[in-house]
There are 2 protein chains.
Amino acid sequence: MEEEDLIDELMGAAEKDLTPKQAKILQAAVEIFAEKGYASTSTSEIAKRAGVAEGTIFRHYKTKKELLISIVSPIMLKFAVPFFADKFLNDVFKEENTENLDQLIKKLIYNRYYFVKKNIPLVKILLQEMAFHAELQDKFKQMFVEKVLPRFKEVVEKFKVAEQIKDYPTETIIRLTMTTIIGFLVTRFLIIPDYNWDDEQEIEYTIEFIRNGLKNT
Amino acid sequence: MEEEDLIDELMGAAEKDLTPKQAKILQAAVEIFAEKGYASTSTSEIAKRAGVAEGTIFRHYKTKKELLISIVSPIMLKFAVPFFADKFLNDVFKEENTENLDQLIKKLIYNRYYFVKKNIPLVKILLQEMAFHAELQDKFKQMFVEKVLPRFKEVVEKFKVAEQIKDYPTETIIRLTMTTIIGFLVTRFLIIPDYNWDDEQEIEYTIEFIRNGLKNT
DNA sequence: AATAAGAGTGAGTAATCACTCATTTTGTGA
DNA sequence: TCACAAAATGAGTGATTACTCACTCTTATT
């Protein structure tokens, strides 16, 4: 519950002073983009669902693409935040504590679990549209390489030195860990969200799977 | 090398008697769909790249969507095939051999590795468009539940009974295994294809990760 | 109450969309 | 060589697209 809701934040008149109509536009755009994709969403449809004239959209956003970017960009920042803002994670990084690998993975999973759970439509848009918009790819790559990867490498190497995990290449360990976590979240929230999930149990299994998969023997 | 190239097969005048122009259309459509997505691809652009009049497309495919389906459908079949056609996999299923878990995973990974490697554009289209076309989702779900899942369950339970792997729920084991393999392939071929991959080595690590992650202790 | 500025409007625009169809071209068997 | 059917054509269709702009409305300050 530490993270705020992105949609709220995206529209909150507190941060940037959005007019009520502008907020409605963002809300409608997020909904429809997630439903049918950016390319097959028309500005007239967004206007209709937002209860706004079509011209109002273009008063606030020069192009349809600018509207997309203004929706997707904040997500990417939020995606990076926990890696340099979360208290616990920073503790693990800073302290010479190499005992709580389980705790770290657990924290990481739950962290991302709540993030995705609260922002399913936005995550959906991010995943879908990254494939086709080079600018989004570049933005994401830059953020990942600068903010996320270095921190990740730090921890992994610490645990490697402490001989808690296997001596795989650091990149490989990161890849295996991330795909397992992301794989769970994508399966849980995007592919089979209607399955009767026992989330706590499933996360427990996933943590064990990662820990044993990487455990030094 | 046991699998044929899907694009070739899709267009091969051998199987279905496609006109040369029709083959060109399919080829062009696959290229552009993969590049910019189905929704932002115009039939005029397909016709232009195929060196064909726009009307020719609609002689062979009633609608643009029918063209998409005729491209995506064969892939889904091919995706299911190895689970009931591959010799080795069937051997593992039938024999009372519960020793070669490693071999099974290895076979599975390499199998899917070559499949994706040969059909990157098609896989890209499949992943991208499934999100927005319910018919494709249904087709895929049906195929998966009927052809893939039962076989998968068989093996997992066999290995569980033989106490080779942990007593997690069968669905959980399948999920963890598949997301790890798919995660590798997506990372390898779609997200960071330009990375200097040592495929054999990386696959070796991935196999170990899965085996240790599931190993009964 | 007057004024100014930004917010909101919606009819209008040229471009592009998927798709049609009357006509021409091509390949094939007699 | 002819005839015929299938293949291919491309100008033409109405609908829809993202976006513009001259105008009106709202709100806050004086």
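Chain letters run A, B, ... following the sequence lines, proteins first, then strands; residues in each count from 1.
- What separates CZ of B/R59 from P of C/dT25 is a distance of 15 Å, to the nearest Å.
- Taking side-chain N and O atoms only, B/K21 has a distance below 4.0 Å to OP1 or OP2 of D/dT9.
- The nearest whole Å value for the distance from the NZ atom in B/K48 to the C1' atom in D/dT9 is 16 Å.
- Ring orientation note: the planes of B/W197 and B/F184 are nearly perpendicular, at an angle over 60° on the 30°/60° scale.
- As a whole-Å value, the separation of B/L18 CG from D/dA6 C1' is 15 Å.
- In this structure, A/R112 forms a cation-pi arrangement with A/F79, its terminal cationic atom sitting closer than 6.0 Å to the ring centre and no more than 45° off the ring axis.
- Atom CZ of A/R175 and atom OG1 of B/T206 lie 4.0 Å apart (nearest 0.5 Å).
- The side chain of B/H60 contributes an N or O atom lying less than 4.0 Å from OP1 or OP2 of D/dA8.
- Between the NZ atom of A/K24 and the C1' atom of C/dG8 there is a distance of 16 Å, given to the nearest Å.
- Counting to the nearest Å, the P atom of C/dG6 and the CD atom of A/Q22 are 15 Å from each other.
- Looking at heavy-atom distances under 4.0 Å, B/T56 makes contact with a base.
- Note on ring orientation: taking the six-membered ring where Trp is involved, the planes of A/F140 and A/F144 are parallel (angle under 30°, cut-offs 30° and 60°).
- Taking the ring centre of B/Y38 as origin, the terminal cationic atom of B/K64 falls inside the region bounded by 6.0 Å and 45° from the ring axis.
- The distance from atom NZ of A/K62 to atom P of D/dC21 is 15 Å, rounded to the nearest whole Å.
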Exercise. Could you run down nucleotides 11-18 of chain C 5' to 3' and tag each one B, S or - for protein heavy-atom contact under 4.0 Å?
Worked result: ------SB

Problem set entry | Pair A/K21-A/H60, side chain to side chain donor-acceptor pair (under 3.5 Å): steps then yes or no | CA-CA 10 Å; A/K21 302 234 168 190; A/H60 296 290; over 6 Å; no

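- Spacing between atom CD of B/E45 and atom C1' of D/dG10 amounts to 18 Å, rounded to whole angstrom units.
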